[in-house]
Amino acid sequence: MIRFGKMSSLLVLTALLSIAATGCKREERRFREVPPAADQSTDIVQSDLQPGPSIVATATQHPYDQNAYAISSGKRLYVQMNCAGCHGLAGGGSIGPPLMDDKWIYGSDPSNIFASIVEGRPNGMPAWKGKLSNDQIWQLVAYVRDLSGLHRKDVRNSRGDNMAAVQDEQNRNRQTPRSSFEPPGSVTTP
Amino acid sequence: MNRERAVADVSGLPTVVFGPRNLVWWGTTGFAVIEGFSLGLCAVTYVYLRKNYSVWPPEGTKMPSLLLPTINMAIMLASLPLAMWTKKRAERLELGASRIGLILSAIVGLVVFGLRIAEFTSLNTQWNSNAYSSIIWTILGFHGTLILIDVYDTIGITLISFLRMESKWFPEIADNATYWMFTVLVWFPLYLLVYFGPRWL
Amino acid sequence: MMLLQAPRFTQQSMLDPAGTKAGSIHDFWHFLIITSTVVTAIVFLTLFVALARRRRTADPEAPGEQRSLTRWVGASVAATLVIIVTFLFLDFRLGRALAIPTQRTPLRVNVIGHQWWWEFQYPDSATPGNWISTANELHIPVGRPVILRMSAQDVIHSFWVPNLAGKKDLIPGHETETWIEADSAGIYRGQCAEFCGLQHAKMAMLVIAEPERQFEQWALAARGQALAPADSVARAGQQVFLTGGCSVCHAIGGTMAGGTVGPNLTHFGSRLTIAAASLPNTRGNLGGWIVDPQRVKPGSYMPPNALEPDQLQALLAYLEGLK
Amino acid sequence: MTTATPRVETILEPELDVELDRVWRSRPGFIGWLTTTDHKSIAKRYVATAFIFFLLAGLEAATMRAQLSRPENGILGPDTYNQFFTMHGTTMMFLFAVPVMIGVGLYLVPLMVGARNVAFPRANAMGYWVYLIGGVLIYGGFFVNSGPDAGWFAYVPLSGPAFSPGKRVDIWAQMITFTEIAALIAAVVQITTIFKMRAPGMSLNRVPIMVWTTLVVAFMIMFAMPAVATASLFLAMDRLISTHFFNPAEGGDALLWQHLFWFFGHPEVYIMFLPGTGIISSLLPAFTRRPVFGYPALVLSVIATGFIAFGLWVHHMFATPLPQLGQSFFTAASALVAIPNGIQIFCWIATIWSGRPIFRTPLLFTIGSIIIFVIGGMTGIMIASVPFDSQVHDTYFIVAHFHYVILGGVVFPLFAGFYYWWPKVTGRLLSETAGKWNFWLMFIGVNTTFFPMHQLGMEGMPRRVYTYLEGTGWGDLNLVASIGAVIIFSSVVVFLANVAWSLRRGRVAGANPWGAESLEWATSSPPQSYNFRNTPVVAGRAPVWESGGELPVMTGLARDRQQVLLTTVLDAEPDSRHDHPGHTIWPFVVAVTIGIFFIVLIFTPWGMPIGTVLGFIAYARYVWPKKRHDPSVIELPRSVPPAEVPR
């Protein structure tokens, strides 16, 4: 006879709640909330040599982390703001550096990406300060991280209604980010 | 209505009957019709998508190669007489012959399933490159699951015929053979569509 | 024409036709409603009499009873068939009557459906570069057919102005074509009729039917570039527009702003409504819409704009000057 | 065994009941719940679960009406409203209407044809579990803010990967797979039961009309459900492994989805509607004291509706760029479908005309259903015209039309059937006064809610809008509709109270409280686990009335195992005996593996191998025969020609 003991029903309940928790966060559509700018952008690490004691970069809380709606809005903005013009349709890179690989010149932490977009970077990255609102920039940050698969698989974008140039983000495997050592300006042979 | 008047007694009726007289035949045929219709809808989708293209298969997509699929089709067609033979043996309740027929059918089924997995490579395109490749992968995969289910069914009945044999399993052997014939015959038009569609449509 | 109060548009309804197509459909509607009411009344009457009558003959299956019932049922089925055939005949005749009239050269307009606003382009066959691109308000000449070539940028929408004509879907990957014609001048409201996402409810548009001469005047002005800002406040407003986030999405003919994401604002000042015809174009509404669009249309793609009060006032002055 | 001369004296073997009950009764308690293959308990579960979904969908509708009662209302934002209206549509169409009619059919068909159980009892049990898992899946998603938000029709590209991020539409697409599997299983089960297990003597022209409608509906399910299954498979593949069925840039087509969906969509509404006509044709004789008029006409019109339903689907797509000639064909087909429906209504009115109507609640609901359905039918013919439909397509005129047709053709007959067969299922009658309150509140509520919507639709109010502007002038009619919704809500509350009261203190109903004529009233209420002690023999269309007090039966089915009599298809001549395997838990386990297969597939393609392996293991235990109890393993028992059956 099947007897549902106290323990097993408790276990089932917690399992359901945890699924529920992940479910809610992925599906949230937040419209009227304007997130603050990134608190402080950690120093850009150019090489592993560190003067003084090693400082641990504190990862800031990214408001749209693992939120499917924000990532898909980020993709829409990526095309509308013509980021694709320099970084390639799916982050494949042309004039600007590719965004779908694992090399990060200015760090893969959300606040670093936020700073790259707001303040711009040498060699042609325009500053979007005042041009885009904070939540739009955070959505773009979410999409940039999504390009190299830094989100959970069930949150990432699937294909777009465009030509299938390259494997869509959902089926791409995750590129664990590592800082790229080429000093800015050197021509990176493909 | 508590009063009843007996007019006849049915305890003498047979319990082992074949063909449409048997319940299981209706179940197998029902699901065969459903799967056949679903595959038909996939074929209609194939033709519908064809009209969206001026060139078929779309530019940059290679023609599907014919060798492997034709071999697979030949094996399937060759297995039809075997299925009919097994069906007759089962209907004549010859246990030994039915067992042989079942083992051979199981082997042929496994071979065909293996070839089907290999057949995906002869499509010469990835399922996510365009609508053409999506639909031919779906047709191949859908029918592939039918082959898998039929092979699983055949292996199951073969084990039963050795370990738990009863007279009531003979109609099941016959139905399994009919279901295999359906799986083969439904693939012939789809084979033409998937492999000769790009050449003729 | 500066309209202070909400723009007076005729009540949106297919029962109040102002276009040739809507008119003939409205006549067909008279046939439909009358026949249906008559048939329904007869059926209900028979049902109630059947319920109320106290049947006298004992055996319901007597041959005589059976035969008369069969005749009655047969007659009613025949009557239904006759009505349906007349319905089909009238329907096919109406279908042919809706073909586009050929005596007047039609005006051609491209309609592009975006997620949650309408883009109208008036192609100018004479000088190709000289297009009018406006949004959410379609100016058409009275008495002249207008051919709408429609396509959607993102999801399926449906163009429908009940007072003028039936609806037609805008489907990505398909080029659909329909035509409308206004018999009398007026402002007719329409709304997207195919569910297209979060703000489907507020994706409305106005069709402004004007006499031919007035339409030509509007078209001439609309083809022109944006008016230069009249005073210093408007000039400051222009700077706010160009340097801030507005020019990233919006375009104003004759200035640096060339964004094609949002509607074209070259002649924004002369529009009657804003935000896809969901708010009258007054200074208060415009200010509220610019600072926090999500309160008006939650889910809309326009971001909130944190502007200083003086920047906002300058921007409003500039925008209202764009006649 | 020579044919025994028919023993005239009445046979009353009490120990026969005990033996049969020991074999057929399902095990007690919760384990019995999981293992039963008795068609009655599975059918009761289908109807109860479908009714719970009906109540949930009703609450969603009430909230939507509250939001729309005033312009620019703030109860539901756009995102939540989209989830609410999609869940309302999806629940009503997939989780309530079809399953409740399947449940009613599963309960009544074996009783009406004189069989002891359905044809494939284990598959039938599995069908219910698959349906339940589908319902729990989508409502689980809904409660964690992952309810689908692209409409119950989920038009691409809005429901496609580009414009519906997250897993909302994936959950919806998988739910379709579950409900479709359950419906297909029930269809194959019903077709086999009706063709092979009818009581001896019940030739095709003596089959009750409810059984005819279930048969036609089963065939319609077999050809409609695969269309939505293929469509939702394509959509799920587009969203999960980025195939391009609906991507216009890569050769896909948004209209492909609409064709596939509506090829299923329109037969689906007839799959819901035909059982409603079957219920009315079955209960009218009891309340007019005469067999229904025009049996052949009714049966032919049910079959005709079954065929024509498949030729109508493009009338949902009149606003899309389809060729003019195609649209006029579908206009003609949509108008002609009114002929069979008209015939049915005229035959019912003729039955009432020449009968002596008894005004009990089932008859009240029948009259209400005829009135509301006729109004819905009228607007139905109107929108068959392409030009008129171009004005009212996707507006509240259409909302009014289909609510009239579904309430008139499905919900009112369902309530009539509920009041009519409740005594047979539970042994107690529902209260007549509460029944009348229930009817009048629902009748007034329905008309108050949905009649104004015709006007709203013609005034340009589109469907699926979470709010509307002040200046549109739609405010007051929407307020009237919202008040109507409250009245419907109160009528359902009265119904629930009536059910609760009847379970404990309802008047005890004997075998035939209404004096009805079909076979299910020949057995006790509630029927024993084996339905009939001996297989009844049928000699006409009204077996109970024609057999007077004494039911002719055939004896001889085995008493130590679940055995059923199989008869020939046309004339139901006794043909052979078939042993059912009895109660087993494995249908539940196989359903769970199917659930795992499809739910894990939403999140990772690894669901395919995991689910297949689990499913094959579970199905192996499902099929593997227990022990060999038939010593004569190999040689075939001598077959004996069936005994003489009186014509």
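Quick note on labels: first sequence line is chain A, next is B, and so on, each numbered from 1.
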Are any side-chain N or O atoms of A/Ser158 and backbone N or O atoms of D/Arg239, one a donor and one an acceptor, separated by less than 3.5 Å? yes
About how many Å separate OG1 of D/Thr243 and CZ of A/Arg159, when rounded to the nearest 0.5 Å? 6.5 Å
Are the side chain of A/Arg29 and the backbone of D/Asp79 linked by a donor-acceptor contact shorter than 3.5 Å? no
Could you please spell out the steps behind the side chain to side chain contact (heavy atoms under 4.5 Å, CB included) verdict for D/Glu250 and A/Asp161? CA-CA 8 Å; D/Glu250 280 290 350; A/Asp161 272 357; over 6 Å; no
Nearest 0.5 angstrom please: D/Ile171 CD1 to A/Glu27 CD, how far? 7.0 Å
D/Asp238 versus chain A, heavy atoms under 4.5 Å apart: side chain, backbone, both or neither? both
All heavy atoms of D/Ser242 vs all of A/Asn171, minimum pair found to be OG-ND2, 3.7 Å
Less than 4.5 Å to any heavy atom of chain A: does that hold for the side chain of D/Thr604, its backbone, both, or neither? neither
Non-hydrogen contacts under 4.5 angstrom with chain D: give the residues of residues 67-80 of chain A involved, or none if there are none. A/Ala68, A/Tyr69, A/Ser72
Please check if atom NZ in A/Lys129 has more than 12 non-hydrogen atoms from other residues, nucleotides or ligands closer than 6.0 Å. no
For D/Glu72, does the CD atom sit with more than 12 other heavy atoms under 6.0 Å from it, leaving out its own atoms? yes
Donor-acceptor under 3.5 Å (D/Asn247 side chain, A/Asn162 main chain): yes
Kindly give the heavy-atom pair with the smallest separation between A/Met163 and D/Ala249, and that separation in Å. SD-O, 3.3 Å
Neighbours of chain A found in residues 158-169 of chain D - heavy atoms under 4.5 Å: D/Pro161, D/Ala162, D/Phe163, D/Pro165, D/Gly166, D/Lys167, D/Arg168
